[in-house]
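Some notes on the structure that comes next.
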Amino acid sequence: MKIDLKLPSEEEIRKKNKEIVKKASSPKRVPSSISADKKRAGIEKKLFSILEELKDELIDSEGKFAVINDAEGLRDYLQKAEEAGVMAIDTETTGLDPMIDRVVGLCLYTPGERAVYVSVNHTDIDGNRLPGQLEMKDIAEALKAIGKLKLVFHNAKFDLRMMKHSGLIESYVDPFWDTYIAANLLNENELHGLKVLWNSYCNEGKGKVAAYDDLFEKIPFNYIPIEKGYIYGAKDALMTYELYSFQRKYLDPESDVCKSRNLRDAALLYRDVELPLIRIIAEMEDEGIYVDKDYAEKLEEEYNGKLKEAQEGVYDEIAKLQIGELPEELFKKLGNPINLNSPTQLAILLYDALKLESPDRKMPRGTGEKILKHYIEKNIHRDFFRAIMEYRKIKKLMTTYITKIPALVRQDTGKLHYNFNQYGARTGRFSSKNPNMQNIPAKNEDIRKMFVAEDGKVFICADYSQQEPRILAHVSKDKNLVRAYQEGKDIYSWVVSLLYGRPYEECLEGFSEEAAKRRYMIKQVILGIMYGRGVASVAEELKISKQEAQGIIDLFFSTFNSVEKTIKDYIYMAKTMGYVSTVYGRKRRLPEISFSDYEFYTLQGGQVNPAVANYYLSLLNRAAWDEKEMIIEQARQDHKIRIVDNTGIVAYAKRQCLNSVIQGTAADITKRAMVLIGNDKRLKKLGYKMLLQVHDEIIGTCREEVWEEAADIIVELMISAADGLIVPMEVDTIAVKRWYGEEIERRGKRCETGN
DNA sequence: AAGCAGAGCGCG
DNA sequence: AAAGCGCGCTCTGCTT
């Protein structure tokens, strides 16, 4: 029986969602009744002073900008843009969430015309839409021509989603250019804000352009009067176009500049992968994922109990400890009761009250997992440290996932709409936020079960099996590694077999305990090599001596010598060219690799006598690592010399060489697969929708009856995305009703599961 | 009240 | 010695 027939208005839902997101992102509560009036007064006051301050800033002295406030004007402008062939477009909005906020104005620029501003949703201080603006439907009508234009954006996904959710466009278009993505491809080592980039590359001494927050602080754009705001807005479109004009020569595969700078492959990657991905990711975020709220509530209750128990457990153990006397000031810093979430307070307990000594000289007052485990192994306050670890584990799950994720679910769609950043990592990898869907616990079954497929549908989880080690095999071209993959062997067992001269079958995980152990150790060594891990670190991980670790690594490199050579080649490439490239041409610039190990300055920053510098240089090169600090201090005392130690930075850059190529190539491949999947007609027909990307894994959803068919296509596409590799790729797929749920069997045979 | 760095920890 | 690569989130403790 329905009782409440009154549906919330769009405005109410918007408000409610905003509150939910705010609450979820900052636990601090603001009494809402008082805050509304206060906030309004605050905005009014701020706005007044800002506009006063910006009197000189927002003046269109050269008549470069204009406002469009009638439908015909907008149609004309778009017509001109169609003739010109390209148009920069940018939106001003009430905020940063496309599903909550709305477009306030459209900023357009096409060469040969003035940059223009179309006001869409400017309001008075009470939120009432101001008169004199185009009707929404007229703008939407005019924008139907948008498909015919080559559109240039700065972060197209944001503007496209904003326009769609504000009702300005019906469906997404592929951008012609995205200066944000292009900037990442051209230099991943800088900030990628429009103003910052424009200031660096397009500003010819015209004075710096300020970013939004510097001008308007936190005032939403709808409150900015149109007659001031239009200048800021229109300028954005102009700047976007000018940035595009600067960038295009580098990423046009036909241009000479592009070719001479070895950017041709990067340009193809940009055109054929990165740009087509934008619309696909926008659709993915719109789709979102369902969260089982009832289940989540039960989970929260359950874990609340566990958390309390764990907390009491810790306090019980603290009570049993023999705590020494503490100096007054330290005792003050210690809360009563001690805050278990505070590393500082915990450190006082460990290192001042209990007088322990950290096993890690780098972190003399650390309280991290490694240090705790060390004490547990040594049977020092074992139960106390175990209790702390247990508490932390539950606390983490609770705060980051169990309470947070249901709170982020939208009222209007009933789903969670995460945010993927297509160029989140400098290697080209994705990142995800609000929430981060790429670090949802994988071993803890409870949490992933919160995510459920729609009624009648299933999730298809498709992951590359050993994506990165296969790429290592490809880039090193190592005969043995390549052959192992071509013959479908278990790579780690195969390596063990070669290293120790034992039959392959006897090195498989299930053959013996010894085989399993060796396989595990080699797996860690290979992963370590891909991350540039050192001997000491491998030894620590495997709990063996440095000599033993060195032995295994030496054996690996002598048997698989092309791997060692590949590392050296990439380091050489980075040193001579300044960058390394992925298989598909994405670059990772590593200028730090060419830093001198040490720099010498006088205390005033001047030049140092070369003989003195050389004396200290040879001293430092011969020194053990714990002597360095002394030598540097001595130089300061005796010769008034400041020595900058860059060896750490250089070593870091060296480790990144191979890793960037492997991680970056993996990112390329997964992205290529996403484009193929997102554009596949057969999958579209089956109603398959992509939902998530977790680096080597693509998760989507479709009706249960067709999942095998969809999975077959996905496997085919994911494998073909790795075209050009000399090793085969393998993809495992499973279908589940919940993210971590019981697998749905394939008709006929049991489906394979990846590990 | 808001922003920031550091510690710690979740994932591939 | 930034001794293992790439991320984002939560919490503390401090600054503005």
Side-chain angles (χ1 to χ4, degrees), chain A residues 24-28 30 42 188 213 217-218 333 335 339-347 360-363 365-372 388-389 392-393 395-401 403-405 408 418-421 423-444 447-448 463-464 466-468 524-525 527-541 546 588 592 597 620 623-629 645-664 666-667 670 692-697:
Chain A
S25 58
S26 78
K28 292 158 210 156
V30 182
E188 69 285 359
D213 281 355
E217 297 175 36
K218 292 288 173 196
K333 276 192 164 189
N339 183 349
L340 304 184
N341 303 320
S342 165
T344 347
Q345 293 185 26
L346 230 41
D360 187 344
R361 32 189 328 164
K362 225 179 60 196
M363 322 196 69
R365 294 182 68 82
T367 63
E369 193 183 333
K370 256 175 72 181
I371 290 171
L372 266 42
I388 287 275
M389 281 177 65
R392 280 196 181 150
K393 205 169 98 193
K395 176 82 181 169
K396 173 92 177 177
L397 297 178
M398 198 62 178
T399 54
T400 312
Y401 306 105
T403 60
K404 183 65 187 287
I405 282 165
L408 284 170
Y418 29 75
N419 194 318
F420 279 103
N421 184 351
Y423 224 120
R426 282 176 287 190
T427 52
R429 263 196 183 180
F430 269 61
S431 68
S432 161
K433 63 177 184 179
N434 298 321
N436 182 353
M437 292 302 288
Q438 295 178 317
N439 75 345
I440 307 292
K443 283 173 199 160
N444 178 308
I447 294 182
R448 287 198 175 192
D463 71 300
Y464 285 106
Q466 297 176 2
Q467 193 186 27
E468 293 195 351
Q524 294 309 314
V525 168
L527 292 177
I529 284 166
M530 292 198 296
Y531 296 149
R533 206 170 188 176
V535 178
S537 163
V538 171
E540 197 190 315
E541 163 88 27
K546 268 193 191 177
R588 178 77 179 94
E592 302 93 337
D597 281 349
L620 285 163
W625 69 269
D626 53 350
E627 290 166 355
K628 275 188 181 178
E629 210 177 323
D645 183 351
N646 289 328
T647 54
I649 297 170
V650 174
Y652 182 40
K654 283 182 180 169
R655 290 197 297 277
Q656 286 175 312
C657 285
L658 177 70
N659 186 258
S660 300
V661 173
I662 292 177
Q663 193 183 110
T670 307
L692 306 171
Q693 190 252 39
V694 191
H695 308 306
D696 62 350
E697 186 178 5

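For A:Arg392, counting side-chain heavy atoms from C-beta on, the closest listed nucleotide (C:dG8, C:dC7, B:dC9) is B:dC9. Nearest nucleotide to the side chain of A:Asn439, out of C:dA1, B:dG10, C:dT10: B:dG10. Distance from the side chain of A:Arg448 is smallest to B:dG12 among C:dA2, C:dG6, B:dG12. Closest to the side chain of A:Lys395, out of C:dC11, C:dC9, B:dC11, is C:dC11. Proximity note for A:Asp645 (side chain, C-beta onward) versus B:dC11, C:dT12, C:dA1: the nearest is C:dA1. Checked against C:dC7, C:dA3, B:dG10, the side chain of A:Arg655 finds its nearest nucleotide in C:dA3. Listed candidates were C:dG4, B:dG12, C:dC14. Nearest to the side chain of A:Arg533 is C:dG4. Closest to the side chain of A:Ser537, from the set C:dC5, C:dA3, C:dC7, is C:dA3.
Nucleic acid contact for A:Arg429: base, since at least one base atom lies under 4.0 Å from a heavy atom of the residue. Here A:Tyr401 lies in heavy-atom contact (under 4.0 Å) with sugar-phosphate atoms only. Among the protein residues, A:Met530 comes within range of no part of the nucleic acid, since none of its heavy atoms lies under 4.0 Å from any strand. As judged by a 4.0 angstrom heavy-atom cut-off over every strand, A:Ser660 is placed among residues making no nucleic acid contact. Residue A:Lys546 is classed as having no contact, given no heavy-atom separation below 4.0 Å to the nucleic acid. Contact annotation for A:Gly528: no contact, since no heavy-atom pair falls under 4.0 Å across all strands. Residue contacts shown for A:Glu541 include a base, since a base heavy atom lies under 4.0 Å away. As judged by a 4.0 angstrom heavy-atom cut-off over every strand, A:Asp626 is placed among residues making no nucleic acid contact. Within the 4.0 angstrom heavy-atom criterion, no nucleotide atom of any strand lies near A:Ala651. Counting non-hydrogen atoms under 4.0 angstrom, A:Gln467 reaches nothing in the nucleic acid. Residue A:Leu658 is classed as having no contact, given no heavy-atom separation below 4.0 Å to the nucleic acid. A:Gln656 comes within 4.0 angstrom of the backbone, heavy atoms only, and of no base. Counting non-hydrogen atoms under 4.0 angstrom, A:Asn444 reaches nothing in the nucleic acid. Using a 4.0 Å heavy-atom distance criterion, A:Lys433 is classed as a sugar-phosphate-only contact.
Between A:Thr344 and C:dG13 there is a side-chain N or O to OP1 or OP2 distance below 4.0 Å. The side chain of A:Gln345 places an N or O atom within less than 4.0 Å of a non-bridging phosphate oxygen (OP1 or OP2) of C:dG13. At least one side-chain nitrogen or oxygen of A:Ser431 sits closer than 4.0 Å to the OP1 or OP2 atom of C:dG8. The side chain of A:Ser342 places no N or O atom within less than 4.0 Å of a non-bridging phosphate oxygen (OP1 or OP2) of C:dC11.
For the pair A:Glu369 and A:Arg392, the salt-bridge criterion is not met [side-chain N within less than 4.0 Å of a carboxylate O]. A salt bridge between A:Glu468 and A:Arg429 is present, with a side-chain N of the basic residue lying under 4.0 Å from a carboxylate O of the acidic one.
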Exercise. Could you check A:Lys370 against A:Met363 for side chain to side chain contact (heavy atoms under 4.5 Å, CB included), going step by step and ending with a plain yes or no?
Key: CA-CA 11 Å; A:Lys370 256 175 72 181; A:Met363 322 196 69; over 6 Å; no
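C:dA2 is unpaired under the Watson-Crick or G-U wobble criterion, no partner having all donor-acceptor distances under 3.5 Å. Under the Watson-Crick and G-U wobble criteria, each requiring two contacts below 3.5 Å, nucleotide C:dT10 is paired to B:dA7.
Applying the 6.0 Å contact sphere to CD of A:Glu629 captures no more than 12 heavy atoms from other residues, nucleotides or ligands. Enclosure of atom NZ in A:Lys628 by more than 12 non-hydrogen atoms of other residues, nucleotides or ligands within 6.0 angstrom is indicated.
Atom-to-atom, OH of A:Tyr418 to C1' of B:dC11 comes out at 17 Å; the value is rounded to the nearest Å.
Interface remark: the A:Arg426 side chain does not form any donor-acceptor pair with the C:dG6 base, using a distance-only criterion of under 3.5 Å.
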